[in-house]
Amino acid sequence: MLKLPVYLDNNATTPCDPRVVETMLPFFTETFGNASSRNHAFGWAAEAAVDLAREQVAALIGADPKEIIFTSGATEADNLALKGVFEMYIDKGNHIITTEIEHKAILDTCKHLEKQGAEITYLKVNSEGLPDLKELEAAITPKTIMVAIMYANNEIGVINPIKEISAIAKRHGVLMMSDITQAAGKIPVDVDRDGIDLAAFSAHKLYGPKGIGALYVRRKSPRVKVTAQLDGGGHERGMRSGTLNVPGIVGFGKACEISLGEMEEEGKRLAVLRDKLENALLQLEESAVNGFRAQRLPHVSNISFRYIEGEALLMGFNKNIAVSSGSACTSASPEPSYVLTSLGLGDDLAHSSIRFGLGRFTTEEEIDYAIKAVTETVNKLREISPLWEMFKEGADMSSIEWSRP
Amino acid sequence: MDYAAKVMDHYNNPRNAGKLDIASLNVGTGLIHVSEYIEVVRIQIEINPAKNIITDARFKTFGCGSAIAAASLTTEWLKGKTPEDAFKINNMDIVEALSLPPSKIHCTILVEDAVKAAINDYRHKNGLEALQEEALESNYELEGM
Ligand SMILES: Cc1ncc(COP(=O)(O)O)c(C=O)c1O
């Protein structure tokens, strides 16, 4: 039986896997100790649980447990990576290269660093959402200390060629940082194979709890160091003070263990459902996928429906289907998604786009429901859209005669 | 009904969505947009010249739910009015009727402008001078005195 509403916003967050919750529960009540209490059993039990979780988290990305620093999430990990590297390597240089379509946790941290004297290059992306690697290499200067490019984009799901990007960074002796939040647990990420020196991610995007995440910091060849951004008791080898969130860490570990085991099969299943959804919605005229289709996370689809507006589109079904749109018409000048406009979409198309994010608990029945609901709404809104009418009548959209108020 | 319910009602059952013959002398068309098509409203009116009454009104909207509801509601108001009275429809009347929040006021300005443009399109087609907002307002005040 179909249960409404249907959740198709798994890039924003995922539900906790019940197996994760079950693993976490004892750590609230029985095994509640402070993991740094060295002289009693409560502390030892908590420490042992954290050690196991650290191994599970490290295993997901092919890292050593000592290379995992627990944080409150990907935002904090992104901040720690950028600010920590900038401060630590200031004698070497002040230049960081990133892209225009990173998450705000990267972009706004870069903006902050610019005020501290950093120079940031924001690489443009092409219409498929990929940066030009020649441009990347050309941007590297003797002052460059780090390249920070996300593994997979949160709005369009496009996967960057991280191996090739890190090879360029390596060739020039520059650190490679990647925000792997959307990729971790969904597609294989391996810090050695991919040449990543720092990686940020969050538990709640991979069926773990909110408020916990990690920064991977390479310890060997090269040994990477970051300055702490939180001062205090010197937890996490001095890089992140604060009493460890033991239940969260335990849940994060379990979530990583489950993802590592089930990712391949889950990815295949979701790709089939995603393709079914996508192909059905592409049957609608003037609809198009945003981002490079051949190189995408298996569970993401971002589609524009020309000649209708995104918020109106959502209104048609958002009581029953949870998705995210590239539009928010809340002020006189609504801001379209900066990711979609970077791909070269006009404001109109950026506003008419929807991100579908499938997940572990998505069923085929739900996808069938979504296809029907979205199709009906698109058709209905086009029925009352003046732009659709002009398009169907073959009007030249660039020379419409507007009334003068 | 609250804002959401009123907007939803028009969204689900738009009144007078559609098109009138743009070439007809009795039809006036107003097509208004803001910055690069993010919002487009078209209001059309059909006028019985002998009686000077709006006999039909249609809309089409590209925009958010509030913009759709604002245009839909306004077409209901237009029918039976004289063009001169219709010209006095103020966007804040629509805001009030739909209980729109301040963030949605801009949607109603577009509709008001489209109504005025439709009326003046009709007048232009029929060799009449365009109505001016200021002139009408002062007339209105005089009448009221
Ligand atoms: C790519 C990316 N980076 C960072 C974040 C921030 O994660 P969190 O809110 O868990 O700190 C997100 C989540 O929205 C994301 O998608």
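A note on names: the letters A, B, ... follow the listed sequences, proteins ahead of strands, and every chain is numbered from 1.
- Minimum interatomic distance between A/E309 and B/F62 (heavy atoms only, all atoms of both residues): N-CE1, 3.5 Å.
- Taking each heavy atom of A/A312 and B/I68 in turn, the nearest pair found is CB-CD1, 4.0 Å.
- In B/E96, the CD atom is not crowded: 12 or fewer heavy atoms of neighbouring residues, nucleotides or ligands sit closer than 6.0 Å.
- Atom CD of A/E401 sits in a sparse spot, with 12 or fewer heavy atoms from other residues, nucleotides or ligands closer than 6.0 Å.
- A salt bridge links B/R42 with A/E389: the closest approach of a Lys/Arg side-chain nitrogen to an acidic carboxylate oxygen falls below 4.0 angstrom.
- With rounding to the nearest 0.5 angstrom, the OG atom of A/S403 is 5.5 Å from the CG atom of B/L31.
- Surrounding NZ of A/K111 are more than 12 heavy atoms belonging to other residues, nucleotides or ligands, all under 6.0 Å away.
- The distance from atom CE of A/M390 to atom NZ of B/K60, rounded to the nearest 0.5 Å, is 9.0 Å.
- Atom CD of residue A/E311 and atom CD of residue B/E39 lie 9.0 Å apart, to the nearest 0.5 angstrom.
- Taken to the nearest 0.5 Å, the CE atom of A/M315 stands 5.5 Å off from the OG atom of B/S66.
- In this structure, the portions of B/N12 lying under 4.5 Å from any heavy atom of chain A include both its backbone and its side chain.
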Exercise for the section: Show the numbers, then the answer: is there a side-chain contact (heavy atoms from CB on, under 4.5 Å) between A/L381 and B/Y11? Expected result: CA-CA 9 Å; A/L381 288 173; B/Y11 177 94; 3.8 Å; yes
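- Within a 6.0 Å radius of CD in A/E114, other residues, nucleotides and ligands contribute more than 12 heavy atoms.
- Looking at B/S72, neither its backbone nor its side chain comes within 4.5 Å of chain A, counting heavy atoms on both sides.
- With rounding to the nearest 0.5 angstrom, the CG atom of B/N16 is 12.0 Å from the CD1 atom of A/I384.
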